[in-house]
Amino acid sequence: MAVNDNAMFKILEKKMLNPTICKMVVEAPRIAKSALPGQFLIVRADEPGERIPLTISDYDRAAGTVTIVIQPIGASTRSMVDAFQAGDSFADVAGPLGNPSEFVRMSPEELKAQRVVFIAGGLGTAPVYPQAKWLHEHGVSVDVIIGARTKDLLIYEDEFKSVCDNLYMCTDDGSYGFKGVGTARLEALVAEGKTYTQAVAIGPMIMMKFSVLTCKKLGIPIWVSMNTLMVDGTGMCGACRLSVGGVTKFACVDGPEFDGYLVDFDEAMRRSAQYKAEEGLANGK
Amino acid sequence: MANRIPRVPVREQDPKVRAHNFEEVCFGYNEEEARLEASRCLHCKNPRCVSACPVAIKIPDFIERIVAGDFAGAAAKIAEDSSLPAVCGRVCPQETQCEGSCVLGVKFEPVAIGKLERFVADWTFAQTSATGCPSSTVSLRETPPSQVAGPLPLSMPRVAAVSEGQPVGGSSPKRKVAIIGSGPAGLACAYDLAKMGYDVTIFEALHKAGGVLEYGIPEFRLPKDKILKREIQDVIAAGVKIETDVIIGRTVTIDSLMDQEGFEAVFVGTGAGLPKFMGIPGENLNGVFSANEFLTRNNLMKAFRDDYRTPIHAGKKVCVVGGGNVAMDAARTALRLGADTTIVYRRTEVELPARKEEVHHAKEEGIDFQMLTNPVEIMGDERGWVRALKCVRMELGEPDESGRRSPVVIPGSEFEIPTETVIMALGTSPNPLISRTTPGLEVTRRGGLVADECGATTRPGVFAGGDAVTGAATVILAMGAGRKAAAAIDAYLKSK
Ligand SMILES: Cc1cc2nc3c(=O)[nH]c(=O)nc-3n(C[C@H](O)[C@H](O)[C@H](O)COP(=O)(O)OP(=O)(O)OC[C@H]3O[C@@H](n4cnc5c(N)ncnc54)[C@H](O)[C@@H]3O)c2cc1C
Ligand SMILES: Cc1cc2nc3c(=O)[nH]c(=O)nc-3n(C[C@H](O)[C@H](O)[C@H](O)COP(=O)(O)OP(=O)(O)OC[C@H]3O[C@@H](n4cnc5c(N)ncnc54)[C@H](O)[C@@H]3O)c2cc1C
Ligand code: FES
């Protein structure tokens with residue numbers, strides 16, 4: 001594995017959050033200075049590596065660092081988690097890309113009127129963190145629902161405790177917290193009398209699709225963060241295109257967050273699998 | 001008589017062989033061939049080739065030196081007007097510029113000016129890599145590379161500066177200029193400013209420098225390690241710093257560069273990188289790509305190589321829509337990846353905007369050309385993958401006011417071309433990221449930055465040139481605009 005030592009994107013800290021998901025704190029002073037919640041990075045691990053999009057899961061302007069959380073699902077993510085240790089450097093880290101979360105653009109009055117619920121699925125938990133933290137710091141009421149298949153896969157519980165009003169943990173198998181999926185928990189909360197002005201779902205596309213269906217039923221507006229395929233992340237290739245309200249958008253520059261009611265999830269999920277056959281080869285490479 | 005000698009043919013890879021590899025198609029002239037070809041020049045009193053060259057290279061003068069065997073002298077002559085001869089000799093549309101105006105071309109074939117320019121540049125490279133330093137006959141420093149020390153690193157170093165051989169720029173302290181974008185416009189502007197003695201930093205959004213030369217034009221037309229990297233190494237050797245992975249408008253803004261980082265002037269050479277789609281049904285099916293995506297995966301990310309991890313999808317059959325250089329490059333790349341490839345273009349072959357040589361090469365390699373054909377829909381299978389491209393046949397209608405005959409649909413001519421992949425090569429437009437994040441920077445209706453002849457924009461201290469101003473054009477025009485802006489930035493800073 002060729003690791004570029006002179007690069008400035010040094011991994012300062014690496015920690016496994018559970019058996020598969022890995023958190024890394026990376027030196028990237030220019031990016032740390034301008035990053036906002038909702039934005040992402042393009043990371044290329046080494047010279048033969050792909051450019052892959054990863055959410056900025058936290059940033060520290062003073063320390064000049066950004067935090068990423070990686071779930072290995074294919075060749076690139078696996079090599080990042082397996083072959084890179086604290087002290088190594090990534091070849092390239094570019095960003096912050098995409099638009100900051102809609103909340104960042106709201107006036108203080110608009111913000112004050114918000115009662116927000118986040119629905120985080122699996123890995124989507126990490127990207128929710130900077131948004132919840134930002135809202136909490138701005139005095140907005142925030143509830144967070146974190147869901148995973150089983151207890152071992154839940155991440156970030158402690159981190160979230162200090163940045164939200166209520167934290168609801170759910171597992172599909174009931175091994176921890178509420179037994180059932182996040183959307184079921186949301187329905188239960190609303191049935192108990194909770195009201196929300198805005199929901200945000202981040203996680204696998206299928207989970208966001210069902211979150212939208214639930215929110216439609218409950219009459220809650222919802223934003224989703226679209227993790228499409230990407231190459232450049234700057235609007236130059238169109239690999240990330242998706243249909244929103246019947247119009248083609250580029251997730252990297254028009255998003256990544258979109259009005260969930262308008263997103264064509266079936267198309268987006270189909271497009272995500274576009275390189276499945278070739279990625280199979282890359283895994284063998 | 002000079003004009004009796006037929007144009008010296010240039011040696012090329014056999015089309016059957018090259019259709020399966022990414023090696024450069026054209027081998028170029030050797031010394032003997034170059035001198036013979038150069039001897040065909042008539043040395044016209046009023047050389048029309050020079051006025052047809054966008055940067056007015058003194059063509060008969062450099063050709064004269066080739067005849068005399070003074071190749072270093074020829075290089076110095078070209079360098080007076082061009083800083084990227086190895087690139088331009090390979091990719092300029094010579095047939096509509098210098099060679100298109102060559103008097104010999106009226107009755108015979110024009111002098112192969114492009115191939116001669118390339119010969120001079122390649123000869124210079126060969127000299128410097130043989131000796132490790134510039135030959136003493138190379139008149140110091142216009143273009144030939146000053147030094148290439150040892151094997152070059154695999155990728156451009158993130159921040160690279162060579163302190164040796166720093167050009168002398170007068171006694172003034174070094175003032176800082178920022179260049180945004182490392183395409184031909186940015187490289188040329190940076191190079192000239194560095195030679196004038198400025199402290200120049202190029203900021204590039206991608207992880208490699210070169211712009212379209214790196215991510216768009218394929219290896220088989222413009223070898224990256226052999227040619228492009230060395231041109232860039234030259235710019236670095238002149239003292240220019242290159243910072244990759246910096247997206248101006250996101251990572252930092254022009255305002256922060258000027259207000260916080262001490263840059264006194266900025267040149268915007270961000271190109272025209274946004275792809276266009278047709279807006280026909282089926283464009284979001286799996287297997288439909290922009291030429292930019294397809295070429296970026298292949299060139300910048302080197303998907304064609306087994307040792308790189310980025311995937312690319314061509315399949316057995318590919319249709320490319322469009323008729324420019326981008327379409328030819330996408331089609332010939334798909335062919336090399338093993339696909340049977342068809343180019344679909346709505347006008348006739350005469351109107352194909354691509355370089356003539358590329359069309360010729362594409363045909364030799366076995367690419368099928370469907371002219372007067374326009375897609376109306378992309379058909380998918382039940383899994384959402386492309387199955388066929390539905391097209392209509394066109395005919396040329398009555399001339400419009402401009403005298404151009406535009407294509408009109410032949411009623412009832414619909415037909416399907418079965419295909420696995422569709423690549424859209426319909427042109428590109430400037431990225432709005434910079435104009436949206438820089439107050440005071442005006443754009444035209446078509447998205448180009450508003451700039452005068454010298455590149456001055458509507459914002460004091462900010463200059464622009466190349467595709468970012470004109471929309472998609474050519475390498476030589478971008479380079480020329482970069483050099484003009486360098487002169488204007490120098491004048492602006494001196495008067496400040
Ligand atoms: C804006 C954005 C933010 C993201 N943030 C994070 C993050 O914080 N942490 C993280 O681990 N991942 C994140 N992702 C997803 C991550 O980029 C992909 O997991 C990664 O590119 C996969 O690369 P790979 O080579 O490891 O796997 P591949 O071999 O490319 O993929 C393995 C399999 O997953 C499928 N696949 C690939 N990408 C996606 C996708 N985006 N959605 C669904 N299926 C896919 C492939 O078709 C293939 O079948 C984000 C994506 C986007 C667009
Ligand atoms: C496939 C293809 C084939 C072509 N073939 C030919 C040919 O044969 N002959 C010919 O003469 N011309 C050809 N052209 C056109 C030619 O390449 C362009 O006209 C020329 O490259 C324009 O140069 P430029 O410097 O203005 O911009 P570009 O070469 O586009 O470079 C712009 C650079 O700026 C960077 N950038 C953009 N935005 C930002 C930002 N916000 N911050 C930092 N960096 C940024 C981009 O990443 C890019 O590297 C071709 C173009 C393509 C796409
Ligand atoms: S990732 Fe290339 S345009 Fe969005």
Side-chain angles (χ1 to χ4, degrees), chain A residues 2 4 6-9 28 30-31 33-35 39 41-42 44-51 74-76 79 91-98 229 231-243 248 250 253 264 266-268 270-271 273-283 285, chain B residues 153-155 157-159 204-208 215 243-247 249-253 256 270-271 273-277 279 283-297 300-303 305-315 380 383-385 424 428 431-433:
Chain A
N4 185 354
N6 347 318
M8 62 179 178
F9 306 110
R30 278 194 191 279
I31 300 172
K33 215 168 144 191
S34 44
Q39 291 186 300
L41 308 169
I42 292 277
R44 200 176 65 121
D46 50 18
E47 172 59 27
E50 288 183 83
R51 295 171 62 95
S76 295
S79 90
D92 300 282
V93 179
L97 292 162
L229 299 177
V231 181
D232 58 296
T234 64
M236 158 191 132
C237 76
C240 61
R241 61 196 195 278
L242 74 166
S243 297
T248 296
F250 286 11
V253 287
D264 182 341
D266 293 338
E267 180 188 276
R270 160 169 60 69
R271 290 184 54 79
Q274 206 158 185
Y275 287 97
K276 210 159 193 159
E278 288 83 6
E279 292 288 5
L281 290 177
N283 276 321
K285 270 186 188 179
Chain B
L154 246 183
S155 72
R158 186 166 325 289
V159 176
E204 167 57 49
L206 295 173
H207 60 270
K208 271 196 187 140
Y215 77 73
E243 218 181 300
T244 50
D245 298 324
V246 178
I247 304 115
R250 288 280 187 223
T251 319
V252 283
T253 59
S256 63
T270 47
L274 294 200
K276 290 189 183 130
F277 287 91
E283 269 185 320
N284 287 351
L285 286 167
N286 287 10
V288 184
F289 308 105
S290 74
N292 264 9
E293 175 180 353
F294 191 72
L295 290 170
T296 300
R297 283 179 182 275
L300 179 72
M301 307 310 300
K302 309 217 181 301
R305 283 173 52 168
D306 280 345
D307 51 342
Y308 280 72
R309 282 197 295 268
T310 299
I312 193 163
H313 177 85
R383 291 162 43 246
W385 280 83
M424 292 293 179
T428 50
N431 195 321
L433 190 52

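Labels below follow one simple rule: chain letters A, B, ... track the order of the sequence lines, proteins then strands, and each chain is numbered from 1.
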Applying side chain to side chain contact (heavy atoms under 4.5 Å, CB included), can you list everything that pairs with B:Asn284, at least two apart in sequence or on another chain? A:Arg241, A:Ser243, A:Thr248, A:Glu267, A:Arg271
Looking at every heavy atom in both [X] and [Y], which two are closest together, and how far apart are they?
| X | Y | value |
| --- | --- | --- |
| A:Pro48 | B:Tyr308 | CA-CD2, 3.4 Å |
| A:Ala91 | B:Asp245 | O-OD2, 4.2 Å |
| A:Ala239 | B:Arg297 | CB-NH2, 4.4 Å |
| A:Pro96 | B:Thr251 | CD-CA, 3.9 Å |

Contacting region of [X] [heavy-atom separation from chain A under 4.5 Å]:
| X | result |
| --- | --- |
| B:Phe294 | neither |
| B:Leu274 | both |
| B:Val246 | side chain |

For the pair B:Asn431 (side chain) and A:Gly235 (backbone), establish whether a donor and an acceptor sit closer than 3.5 Å, ignoring hydrogens and angles. no
How many angstroms lie between [atom1] in [X] and [atom2] in [Y], if you round to the nearest 0.5 Å?
| X | Y | atom1 | atom2 | answer |
| --- | --- | --- | --- | --- |
| A:Arg30 | B:Glu243 | CZ | CD | 4.0 Å |
| B:Thr244 | A:Asp92 | OG1 | CG | 6.0 Å |
| B:Arg309 | A:Arg44 | CZ | CZ | 9.5 Å |
| A:Glu278 | B:Thr310 | CD | OG1 | 12.0 Å |

Hits for ring-ring contact (aromatic ring centres under 6.0 Å, His included) against B:Phe289, two or more places apart or cross-chain, chain-then-number order -> A:Tyr275
Closest-packed option against chain B by number of heavy-atom pairs under 4.5 Å, given A:Val231, A:Asp232, A:Leu242, A:Asp266: A:Val231
Chain B interface, residue from A:Ala273, A:Gly49, A:Gly238 that has the most non-hydrogen pairs under 4.5 Å: A:Gly49
Within-4.5 Å side-chain heavy-atom neighbours: B:Ser290 and A:Met236: no
Check: B:Leu206 and A:Arg51 side chains under 4.5 Å, non-hydrogen atoms: yes
Chain A: which of [options] shares the most heavy-atom pairs with it under 4.5 Å?
| options | value |
| --- | --- |
| B:Arg383, B:Met424, B:His313 | B:His313 |
| B:Val252, B:Leu295, B:Leu285, B:Thr253 | B:Leu285 |
| B:Gly273, B:Gly279, B:Gly287, B:Pro275 | B:Pro275 |

